[in-house]
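Written below as structure tokens is the structure these notes are about.
In this chain, numbering begins with 1 at the start of the sequence shown. We count ligands from 1, going down the list as the structure has it; atoms in each ligand are counted the same way. Note that the coordinates shown come from a computational prediction; the quantities given were computed from them, not determined experimentally. Worth knowing before you read on, the calculation uses all heavy atoms, side chains too, and leaves out hydrogens, waters and symmetry mates.
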Amino acid sequence: MDELFSPVELGAFKLRNRIVMSPMTRSRAGKGDVPTELQAEYYRQRASAGLVVTEGIQPSPAGKGYCRTPGLYSAPQTEGWRRVAAAVHAEDGVVVAQLMHCGRVASRLNKEDDSEIVAPSAIRANAKIFTDKNGLVDIDKPRALEVVEIGDVVREYRQAALNAREAGLDGVELHCSSGYLPMQFLSSNSNRRTDRYGGSTENRIRFTMEVLEALGDAIGYDRVGLRLCPGFDYNDIDDDNPRETYGLLLEKSSKLGLAYLHLVRRSFPKVDNFELVKAHWRGKLILNNELTGETAAQVIAAGDADAVSFGRLFIGNPDLVSRLRRGVELAGYDTKTVYTPGPEGYTDYSTAD
Ligand SMILES: Cc1cc2nc3c(=O)[nH]c(=O)nc-3n(C[C@H](O)[C@H](O)[C@H](O)COP(=O)(O)O)c2cc1C
């Protein structure tokens, strides 16, 4: 177990232990998609993690898919994140902003403004999404981005990374999983483009590479992480050959000097994504998915990863690190209040003491 609590460096991030808080959308943003004092308190409570990855944050109004998710493109949003950064730093924690552009995984009903829903191609995801207005609804059909607009989206990511640093956050993580925009470019069932962003493997990975380069150029590659789950079919996403697509992406992104790869480890019929990462990724690795204290310690002891991340266990256990270290029993959490507004089921979970 001891190694789990030993320090580690991931790029510019100095983690005091190898336990990472996995990004979790909690839908508590305020008006204007501004992070609130409540969110700052939530992250402060969990700041003993070696690294906190925030919930997914839209880099632009068009990037918003779900209800009450925060942004990082307006001045008030940046000020909101400043409170979060200060709260985590006051506890000697490290915190990065997860940049999540939902692309086609969106409902118009979740947008406060008239921003559009955009994607590589005008193909609707055959899935449902929750809205405050009408409950569960069909995802809307997106509009295909023009080539010149793709450059604009890359610049929005870049600006969001600059805003993250301006707010005092330590860096960013690019969300490239769960069927959102980068994955929509990577995958053959959502990308039918015939220009340089579609078709060949090289073309389908271009958008993700351009975003990573924009982020790295803006704030330093050693402050940028990448989150992947090759093979995942969430939100109706499917790639004909994830081994080839992600093999090339991993090879190319390995050369950038990113802070880390954050892998949601899973084995699918088309790909065992941990095997793929072992073959193609050269850099620091955070492993996620359904870990317990015991299996996490095994991952670190075996040298399978530099750090591990926990999602759901952090919901009901703000002091997860201390509980694991002391072998204290872990608390569960209320599934009904995961995405509801307010402190209930959010900041009212107590520590073991
Ligand atoms: C409520 C909830 C919200 C989530 N939101 C995000 C998100 O915004 N970004 C992301 O990359 N993953 C998100 N995930 C996935 C988690 O980061 C994590 O990969 C998953 O929960 C598996 O880890 P666990 O078994 O430790 O919970 C979410 C998971 C949960 C339970």
D33 with K111: basic N within carboxylate O range, under 4.0 Å: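 Salt bridge flag = no for K111 with D33.
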Presence of salt bridge, D140 and R124, under 4.0 angstrom: no
Evaluation steps, side-chain hydrogen bond (donor to acceptor under 3.5 Å, both in side chains), between T69 and Q58: CA-CA 7 Å; T69 54; Q58 57 267 14; 2.8 Å; yes
Considering the heavy atoms of [X], write down every atom of ligand 1 situated less than 4.0 Å from one of them.
X	result
E290	24 (P), 25 (O)
V338	1 (C)
H175	9 (N), 10 (C), 11 (O)
F310	26 (O)

Polar contact flag for [X] and ligand 1 (N/O pairs, less than 3.5 Å):
X	value
R26	no
Q98	yes
E55	no
G56	yes

Which residue supplies the protein heavy atom nearest to [atom], what is that atom called, and how far is it?
atom	value
atom 30 (C) of ligand 1	M24 CG, 3.8 Å
atom 2 (C) of ligand 1	Y339 OH, 3.6 Å
atom 27 (O) of ligand 1	R312 NE, 2.7 Å
atom 12 (N) of ligand 1	R227 NH1, 3.1 Å

Ligand 1 contact on T25 by region, counting heavy-atom pairs under 4.0 Å: both
Separation between [atom1] of [X] and [atom2] of [Y], rounded to the nearest 0.5 Å:
X	Y	atom1	atom2	answer
D152	R158	CG	CZ	13.5 Å
L226	L258	CG	CG	6.5 Å
R143	K141	CZ	NZ	12.5 Å

N288 to ligand 1, any heavy atom closer than 4.0 Å: yes
Any F314 heavy atom less than 4.0 Å from ligand 1: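 Not so, F314 does not reach ligand 1.
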Contacts of D195 that satisfy salt bridge (Lys or Arg N to Asp or Glu O under 4.0 Å) - sequence neighbours left out: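 Expected list: R193.
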Whether Y346 and Y42 hold their rings parallel, tilted or perpendicular, with breakpoints at 30° and 60°: parallel
Aromatic plane relationship, F185 with F207 - under 30° parallel, 30 to 60° tilted, over 60° perpendicular: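 Parallel: the ring planes of F207 and F185 meet at under 30°.
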Qualifying salt bridge (charged side-chain N to carboxylate O under 4.0 Å, His left out) pairs with a residue from residues 166-186, counting only residues at least two apart or across chains: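 Non-adjacent pairs meeting salt bridge (charged side-chain N to carboxylate O under 4.0 Å, His left out): R82-E166, E173-R227.
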Heavy-atom nearest neighbour of atom 13 (C) of ligand 1 within options G311, C176, P23: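 The residue whose heavy atom sits nearest atom 13 (C) of ligand 1 is P23.
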